[in-house]
Each structure stands twice: as structure tokens, then as C-alpha cells.
Amino acid sequence: MNVFTPSSVAAKLAAVSAVALGSLALAVPAGAETVAFQDARGDIEHGADVRSVRVVNEAAVRVKVRHDDLVRSFRSGSGIKVFLDTDRGQAGPEFIFLGGTFEGSDYALVEAEGWKPASRRAEPLECGYIMKLNYADDLAHIKLDRDCIGNPDEVRVAVRTSGETDAGFVHDWLGDRRELTRWVARG
Ligand SMILES: [Ca+2]
Ligand SMILES: [Ca+2]
């Protein structure tokens with residue numbers, strides 16, 4: 001009996017492509033690109049120490065920052081800056097999301113120029129964005145409407161946290177100072 005009949009070959013090809021499709025489906029969830037980045041623990045003697053950052057580029061752009069130990073008290077003086085690079089044609093980030101990460105603090109999205117707010121009195125942009133803080137899990141969830149940041153196809157970020165200690169303010173970057181993640185394409 002010849003096992004290499006056209007039908008058995010076709011069946012084997014079908015089985016192979018089913019496996020290939022299955023693994024692709026697992027690797028790339030429909031409609032979402034999510035990339036996670038890790039950072040060392042203990043860079044600063046403060047709970048604002050960055051542990052990891054997750055960037056999601058889909059219907060909205062979302063950045064989730066895990067800290068070592070986020071606390072509610074204003075005494076932590078803890079804060080965050082997320083620099084958003086949305087245009088390869090322009091050097092550096094186009095936007096900065098900045099805010100406090102202790103309870104009751106405020107936040108804003110502003111246009112950036114040279115890694116700083118575009119003007120000394122940069123007005124917060126009036127569009128849809130929100131930060132939610134989870135003190136149990138030490139997370140800051142930032143969600144930005146696409147229209148707020150020019151509806152980019154791809155985005156990358158640099159993240160800097162800060163906190164107050166007896167010795168003054170300390171800060172921690174994801175990776176190195178002003179290090180941008182790889183580009184995250186829209187899912
Ligand atoms: Ca760190
Ligand atoms: Ca840019």
C-alpha cells in the first residue's frame with residue numbers, strides 16, 4: 001500500500017497548517033499588541049522603584065507600570081513620567097504623561113519638546129486620558145485615547161518614576177536614562 005497518496009499528503013498539509021495557525025493564534029491575540037519590559041529591583045531605596053512596564057497599542061494606548069511598593073501617603077512624594085514617542089520623523093518623545101502616584105494627586109498629558117514639557121506653562125491637553133492606581137498590586141494603569149496622541153500606528157515609551165526620601169528626591173528609569181522601549185505596533 002502506497003501511503004503517499006494525494007489524499008494523505010493533503011491531510012498531512014492540512015494538519016501542519018492547522019498547527020501553524022494554532023500557534024500563531026496563541027502568540028498574537030486578536031487585535032492587541034502587548035509588549036512587556038522588565039527593570040531591576042532596588043535601583044532606588046524607595047517604593048517607586050520600577051519593576052516592569054507593559055505597553056498595549058490597540059483601541060486605546062495603555063501603559064501599566066509595576067512598582068516595588070506603591071503607597072497611598074503623600075509622604076512618599078512618588079510620581080511618574082511616561083514619555084511617549086509617536087513619530088519616528090521627529091527626534092524624541094512627542095508627549096509626556098506626568099502625575100503623582102500617591103492618593104489624591106493629579107496628573108496631566110502635555111506636549112513634549114526635547115524631553116520636557118513644550119513650554120514652561122504647558123497646558124494639559126484636553127482629551128481623554130486617565131490614570132488608575134492600585135496600591136495592593138503596586139500598579140499605575142494609564143489609558144490614553146488614540147486621538148490624544150495623534151492616532152499613531154506605533155508608539156514607544158520611556159518611563160521615569162520618582163520619590164522623596166530623607167536624602168531628597170530619587171528617581172528610577174525603566175532601563176537607562178531616557179531609554180525608549182522598542183516600537184509597539186498597533187494591534
Ligand atoms: Ca527598578
Ligand atoms: Ca518622535
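For ligands, and for the atoms within them, numbers begin at 1 and follow the listed sequence. Because the structure is predicted, anything quoted here is derived from the model rather than measured.
In this structure, the side chains of H67 and T161 come closer than 4.5 Å at one or more pairs of heavy atoms. When side chains are defined from C-beta on, L139 does not count as touching L133, because their heavy atoms never get closer than 4.5 Å.
For R178, there are no salt bridge (charged side-chain N to carboxylate O under 4.0 Å, His left out) partners two or more places apart in sequence or in a different chain.
By the criterion of a separation under 3.0 Å, the protein N/O/S atoms near the Ca ion (ligand 1) amount to D39 OD2, A40 O, D43 OD2, D49 OD1, V50 O, D172 OD2. Ordered by chain and number, D85 OD1, D87 O, Q90 O, G92 O, E94 OE1, E94 OE2 make up the set of protein N, O or S atoms under 3.0 Å of the Ca ion (ligand 2).
Scanning both residues, S73 and S76, for their nearest heavy atoms gives O-OG, 2.9 Å.
Exactly one of I80, V55, L70 qualifies for a side-chain contact (heavy atoms from CB on, under 4.5 Å) with V65. That residue is I80.
Going from atom NZ of K81 over to atom OG of S162 covers 7.5 Å, rounded to the nearest 0.5 Å.
A side-chain N or O of R146 and one of N151 form a donor-acceptor pair less than 3.5 Å apart.
With salt bridges taken as basic N to acidic carboxylate O contacts below 4.0 Å, one links D68 and R51.
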Donor-acceptor list for residues 82-105 side chains, cut-off 3.5 Å, not counting sequence neighbours:
unit_1, atom_1, unit_2, atom_2, d
D85, OD2, R156, NE, 2.8
D85, OD2, R156, NH2, 3.0
T86, OG1, E94, OE1, 3.3
D87, OD1, G89, N, 2.8
R88, NE, E154, OE2, 2.4
R88, NH2, E154, OE1, 3.1
R88, NH2, E154, OE2, 3.4
E94, OE1, T86, N, 2.8
E94, OE1, D87, N, 3.0
T101, OG1, S78, O, 3.3
T101, OG1, S78, OG, 2.9
T101, OG1, G79, N, 3.4
E103, OE2, R72, NH1, 2.5
S105, OG, G100, O, 2.9
S105, OG, F102, O, 2.6

